[in-house]
J.: 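Mind looking over this structure? Questions follow.
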Amino acid sequence: IRTGQISCGDLSKYKKFVKALVTCDNTNLNILYSIDGETLGYSADSIDGTKDISIGRKGKTIQFQITSDVGVSGGQVSDITLVYRDLRID
């Protein structure tokens with residue numbers, strides 16, 4: 001599953017993406033992210049409950065991809081919370 005490009009309201013401004021909090025009930029999920037359409041980076045394995053994924057990167061958009069090596073029957077992602085702040089200077 002891949003989300004669309006998330007711009008957090010203003011596509012023209014740069015943001016500092018601090019972290020993402022992902023809540024799910026499956027221990028075999030991998031969470032990857034991409035800043036401004038670049039190659040996907042970081043993988044968080046073994047998520048059960050809420051996982052804090054540190055990002056700490058600047059960009060205009062972010063996209064998430066959720067994958068599993070063994071299938072996701074019965075599992076679900078219930079929430080993705082993105083912590084970011086707008087940057088006034090590029």
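For the numbers below, each heavy atom of this structure counts, side chains included, while hydrogens, waters and symmetry mates do not.
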J.: Show, in sequence, the C-alpha distance, side-chain angles and deciding distance for T50 and T23, and conclude whether the side-chain hydrogen bond (donor to acceptor under 3.5 Å, both in side chains) test is met.
T.: CA-CA 4 Å; T50 300; T23 304; 3.0 Å; yes

J.: Rounded to the nearest 0.5 Å, what separation is found between the NZ atom of K19 and the OG1 atom of T81?
T.: 10.0 Å

J.: Once you round to the nearest 0.5 Å, how far does OG of S34 lie from CZ of R57?
T.: 8.0 Å

J.: Which heavy atom in C8 sits nearest to a heavy atom in L82, and how many Å separate them?
T.: SG-CD2, 3.7 Å

J.: First locate atom CD1 of I35, then atom OG1 of T61, and finally report the distance between them rounded to the nearest 0.5 Å.
T.: 7.5 Å

J.: Mind checking the CZ-CG spacing from F17 to L87? Nearest 0.5 Å is all I need.
T.: 9.0 Å

J.: Kindly compute the distance separating OH (Y33) from CD1 (I66), expressed to the nearest 0.5 Å.
T.: 15.0 Å

J.: Could you tell me whether a side-chain N or O of K51 sits under 3.5 Å from a main-chain N or O of C24, the two making a donor and an acceptor?
T.: no

J.: Applying the side chain to side chain contact (heavy atoms under 4.5 Å, CB included) test to F64, which of I1, V77, L32, T3 qualifies?
T.: T3

J.: Side-chain contact test, heavy atoms from C-beta onward, threshold under 4.5 Å: evaluate it for I62 versus Y84 and give yes or no.
T.: no

J.: Would you indicate whether the side-chain heavy atoms of I53 and I31 approach each other to under 4.5 Å?
T.: yes

J.: Output the distance between atom CG (D10) and atom NZ (K15), rounded to the nearest 0.5 Å.
T.: 5.5 Å

